[in-house]
2 protein chains.
Amino acid sequence: MSDSEILLGEFRRTIDDRYRLSIPPELADQLHKEGSELVLAKERPGCLGLYNSTPWQGQLDEAVDWVADKVDAGKLGGQVDDLLTLGRLLSTRHCEVQLAGRGRLVIPEGFREFLGVAPGDPVFVVGAAISVEIWNPPAWVSYLEDRMPEFRSLLTQLSE
Amino acid sequence: MSDSEILLGEFRRTIDDRYRLSIPPELADQLHKEGSELVLAKERPGCLGLYNSTPWQGQLDEAVDWVADKVDAGKLGGQVDDLLTLGRLLSTRHCEVQLAGRGRLVIPEGFREFLGVAPGDPVFVVGAAISVEIWNPPAWVSYLEDRMPEFRSLLTQLSE
DNA sequence: ACTGTTTTGGGTATGTTTCCCACAAAAGAG
DNA sequence: CTCTTTTGTGGGAAACATACCCAAAACAGT
């Protein structure tokens with residue numbers, strides 16, 4: 001059960017001249033199987049994350065409600081700046097998308113620059129357990145060099 | 001039958017034009033008999049490991065279940081980031097494979113560069129007790145020079 | 001409404017993979 | 001020593017997937 005719900009795999013794809021990119025079927029099926037909408041998020045420069053919107057929406061609503069309650073209650077204290085920042089990030093960070101025909105994702109304006117790709121460029125599509133990520137190749141390589149040494153300790157840490 | 005419990009042996013093979021390599025029957029039989037699927041892993045530059053997937057799957061399920069419980073309990077905290085990281089590393093380090101006809105393994109894209117082989121190059125196929133490893137010859141030689149002196153102490157340490 | 005521009009969908013080519021089968025070398029039996 | 005069987009490597013052809021390209025559709029401005 002749970003084993004087949006983990007999104008895994010690394011694939012090389014190229015960005016269309018119209019900023020479209022085909023998601024590998026094994027990942028797309030799993031993301032889309034619930035029939036729900038998808039959410040594209042700016043994870044970090046050079047990396048976009050593609051989530052199933054239902055779990056995502058739940059967490060997000062929770063966070064927003066929590067902040068809204070605080071605002072209503074008037075107990076923001078000195079956290080106004082933080083609130084403003086959070087609002088800005090919430091506004092720009094994600095966007096609802098859907099896979100077009102042939103399992104193709106159109107990368108929206110604003111996300112293109114963040115991903116740092118031009119039409120015709122290659123990217124890596126990577127399964128990240130609960131999401132599918134699109135990586136700019138240099139960012140991916142550099143990330144791996146950085147984090148790969150942690151692998152074994154992470155696995156054992158999360159296993160016990 | 002203690003002879004069939006652990007994978008042992010050193011064999012010289014060559015990678016053909018299509019990045020195929022034949023696994024010696026005595027190793028292939030043992031790997032394939034217990035479970036269905038196999039997992040190929042990037043062990044270290046110049047070395048790939050071939051595992052029976054069931055142990056891996058178990059360990060991974062454990063990790064994911066652990067995090068899933070925390071998520072359900074509402075205390076995700078920084079654990080989501082850890083899960084994402086683990087997923088990414090798993091995606092690039094491991095890959096499900098199966099032996100093609102004649103017990104041959106096709107080395108997938110991405111693993112070729114890591115192994116550092118070109119079509120026609122020789123490799124060593126080595127039994128590593130619980131896995132079968134594919135070594136780039138220079139890496140193998142250098143590894144042996146490095147670790148062979150430990151042999152006797154390792155043996156006594158592990159047998160008592 | 002018309003026209004120029006952008007987006008969406010899908011046919012098709014090209015390169016890759018997969019499934020076989022053939023041959024050759026090596027190992028084992030008589 | 002020779003014949004038989006097993007094993008390793010090569011290659012052809014079919015199947016598949018990806019990405020390029022063009023046509024239809026949607027949109028917007030005039």
Side-chain angles (χ1 to χ4, degrees), chain A residues 8-32 37-38 40 50 95-113 115 117-127 132 134-137 140, chain B residues 3-4 7-33 36-40 48 50 95-115 117-127 132-137:
Chain A
L8 288 180
E10 182 192 34
F11 307 85
R12 202 193 146 280
R13 286 294 125 95
T14 60
I15 301 281
D16 204 290
D17 41 335
R18 298 290 192 252
Y19 288 98
R20 298 176 294 186
L21 116 83
S22 60
I23 305 295
E26 46 265 70
L27 297 180
D29 290 348
Q30 242 182 91
L31 267 180
H32 202 65
E37 295 293 323
L38 301 178
L40 188 67
L50 193 59
C95 120
E96 289 233 341
V97 293
Q98 51 186 3
L99 298 187
R102 201 62 130 257
R104 275 190 296 191
L105 168 73
V106 183
I107 299 179
E109 174 85 15
F111 289 74
R112 303 167 185 176
E113 302 76 18
L115 183 56
V117 291
D121 280 359
V123 293
F124 283 103
V125 179
V126 180
V132 172
I134 300 136
W135 284 80
N136 177 324
W140 178 232
Chain B
D3 53 350
S4 55
L7 297 153
L8 290 180
E10 182 195 39
F11 307 84
R12 198 194 147 281
R13 288 292 123 95
T14 60
I15 305 278
D16 74 13
D17 295 9
R18 305 175 189 178
Y19 290 96
R20 299 176 296 184
L21 120 78
S22 56
I23 305 296
E26 45 264 67
L27 298 180
D29 291 347
Q30 240 181 94
L31 268 179
H32 204 274
K33 81 166 48 160
S36 28
E37 296 298 319
L38 301 177
V39 169
L40 187 67
L48 302 178
L50 194 57
C95 141
E96 290 230 341
V97 294
Q98 50 187 4
L99 299 186
R102 215 28 141 244
R104 273 193 291 195
L105 168 72
V106 182
I107 299 179
E109 169 93 9
F111 290 73
R112 303 166 183 176
E113 303 77 20
F114 189 84
L115 184 56
V117 291
D121 282 358
V123 294
F124 283 103
V125 179
V126 181
V132 172
E133 293 184 338
I134 300 138
W135 285 81
N136 178 326

Notebook entry, point to check: Is there a residue in residues 101-109 of chain B whose heavy atoms reach under 4.0 Å of DNA chain C, and which residues are they?
Noted result: B:Arg102, B:Arg104
Exercise answer: donor-acceptor pairs, residues 97-111 of chain A side-chain atoms, under 3.5 Å, sequence neighbours excluded:
none

Notebook entry, point to check: Between atom CG of A:Asp29 and atom CD1 of A:Ile23, what is the distance when rounded to the nearest 0.5 Å?
Noted result: 11.5 Å
Next item on the list: Output all residues satisfying side-chain contact (heavy atoms from CB on, under 4.5 Å) with B:Phe114, sequence neighbours left out; order by chain, then residue number.
Entry: B:Lys42, B:Pro45, B:Leu48
Item checked: Residue among B:Leu31, B:Val39, B:Val125 satisfying side chain to side chain contact (heavy atoms under 4.5 Å, CB included) with B:Leu50 -> B:Leu31
What's touching nucleotides 27-29 of chain D from the protein side, N or O pairs under 3.5 Å?
none

Next item on the list: Let me have DNA chain D in dot-bracket notation, would you? Count Watson-Crick plus G-U wobble pairs, both distances under 3.5 Å, and use [ ] for pairs crossing earlier ones and | for inter-strand partners.
Entry: ||||||||||||||||||||||||||||||
Checklist line | Note, B:Arg13 side chain near B:Pro24 side chain (heavy atom, < 4.5 Å) | finding: yes
Notebook entry, point to check: Using a cut-off of 4.0 Å on non-hydrogen atoms, how would the nucleic acid contact of B:Ala100 be classed: base, sugar-phosphate, or nothing?
Noted result: nothing
Margin query: Show the nearest heavy-atom pair for residues A:Pro119 and A:Tyr19, with the distance to one decimal.
Written below: CD-OH, 3.2 Å
Note to self: Would you compute the distance between atom CG of A:Leu8 and atom CD of A:Gln30 and round it to the nearest 0.5 angstrom?
What the structure shows: 8.5 Å
Item checked: Gap between atom CG of A:Asp16 and atom OG1 of A:Thr14 - 0.5 Å precision -> 7.5 Å
Next item on the list: Mind checking the CD1-CD1 spacing from B:Ile15 to B:Ile134? Nearest 0.5 Å is all I need.
Entry: 7.0 Å
Next item on the list: Using heavy atoms and a sub-4.0 Å distance, could you list which residues of residues 11-27 of chain A are near DNA chain C? By number, please.
Entry: A:Arg18, A:Arg20
Next item on the list: Return the minimal non-hydrogen interatomic distance between A:Leu27 and A:Gly127, and the atom names on each side.
Entry: CD1-N, 4.4 Å
Notebook entry, point to check: Do A:Glu10 and B:Cys95 come close enough that some side-chain heavy atom pair is under 4.5 Å?
Noted result: no
